[in-house]
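Written out below as structure tokens is the structure these notes cover.
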Amino acid sequence: MDTASSSSTSDIADNFEEITGRIHKAAETWARVPGDVDLIAVSKRQPVEAIEVALSLGHRHFGENRVQEAQEKWPDLKARYPDIELHLIGPLQTNKAKDAVALFDVIQTVDRPKLARVLAKEMTAAGRHLPVYIQVNTGKEEQKAGIFPEDADNFIIECREGLGLNVIGLMCIPPVEEQPAPHFALLGKIAARNNLARLSMGMSADFETAVQFGATSVRVGTALFGARSAP
Ligand SMILES: *Cc1c(COP(=O)(O)O)cnc(C)c1O
């Protein structure tokens, strides 16, 4: 049964087609290879039924922002669809690091030295050396997670060389009240000078701009699944 806040099966199917088409178009416009931009469907605070629709369409890459919510929704789905790739895109507390390493396939939000150390330890203990992104607080917002841009180079070196983390790229969430383009450009610059190939940036409102500035993953929630339930 549909509720007012969740989209119907056909809406979700239409949305996937539309968003995928817009990603391809943006990629072509900016002389990028469409297949180089990965769509991560952000399913936080969406019901499992909505995720099932995406899975039935063949979609396999998803993002969740809370460990506990993901633990309630994903173990069954992952058992049924072993090729699911689940990304943690929200802040991670160190006491949840072990659970996160057990469930997720990619951790996008490595944002501070203590978390990096705990993740390295838990990955070694679990024998799961997951790819990770470093989250950069490009807008230097106090309430937002992420390493400050001026500290990013040293932190990346520490994560890779000091801790042996498999750092594959950078992630950012620009300030809501600002144009995202300068933030995407800054993230791209930091990645380039650190030889990092992947950029996770762009959400429902700005994923085309993110593609313009080199995003290799865009994280789209509402534009695919409709409005989320209240937190
Ligand atoms: C919720 C969330 C998204 C998706 O946002 P939409 O505006 O719904 O597309 C993307 N990235 C992060 C980190 C999020 O928390």
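Reckoned from all heavy atoms, side chains included, excluding hydrogens, waters and symmetry mates. Order of listing sets the numbers, starting from 1, for every ligand and every atom in it.
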Which residue owns the protein heavy atom closest to [atom], what's the atom, and how far is it?
atom: atom 5 (O) of ligand 1; answer: Met203 CE, 3.8 Å
atom: atom 11 (N) of ligand 1; answer: Arg219 NE, 2.9 Å
atom: atom 8 (O) of ligand 1; answer: Thr222 OG1, 2.6 Å
atom: atom 9 (O) of ligand 1; answer: Ser204 OG, 2.5 Å
atom: atom 12 (C) of ligand 1; answer: Ile89 CD1, 3.5 Å

Quiz item: N/O of Asn65 under 3.5 Å from N/O of ligand 1, yes or no?
Solution: no
Exercise. Return yes or no for this condition: an N or O of Val42 is under 3.5 Å from an N or O of ligand 1.
Key: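 No, Val42 has no N/O under 3.5 Å of an N/O on ligand 1.
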Can you name the atoms of ligand 1, numbered from 1 with element, that are less than 4.0 Å from a heavy atom of [X]?
X: Ile173; answer: 13 (C)
X: Val220; answer: 9 (O)
X: Gly221; answer: 4 (C), 6 (P), 8 (O), 9 (O)

Exercise. Starting from the C-alpha separation in whole Å, work towards a yes-or-no answer on side-chain hydrogen bond (donor to acceptor under 3.5 Å, both in side chains) for Tyr81 and Arg60.
Key: CA-CA 8 Å; Tyr81 298 90; Arg60 292 294 183 271; 5.7 Å; no
Quiz item: Got more than 12 heavy atoms from elsewhere within 6.0 Å of CD, Glu141?
Solution: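 Atom CD in Glu141 is packed in, count exceeds 12.
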Might you point out which heavy atoms bring [X] and [Y] nearest each other, and give the distance in Å?
X: Asn65; Y: Glu69; answer: OD1-OE1, 4.4 Å
X: Leu130; Y: Asn166; answer: O-CB, 3.9 Å
X: Gln46; Y: Ile51; answer: O-CD1, 4.5 Å

Practice problem: Indicate whether any N or O donor in one side chain lies under 3.5 Å from an N or O acceptor in the other, for Thr109 and Gln135. | Solution: no
Quiz item: Just one of Lys73, Arg45, His87, Lys44 clears the side-chain hydrogen bond (donor to acceptor under 3.5 Å, both in side chains) bar with Glu64, so which one?
Solution: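 Output: one option passes, namely Lys73.
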Self-check item: Rounded distance [0.5 Å steps], CD in Glu158 versus CG in Asp153
Solution: 13.5 Å
Quiz item: Any idea which of Glu64, Lys44, Gln46 brings a heavy atom closest to atom 2 (C) of ligand 1?
Solution: Lys44
Quiz item: What do you reckon, does Arg228 put a non-hydrogen atom under 4.0 Å from ligand 1?
Solution: yes
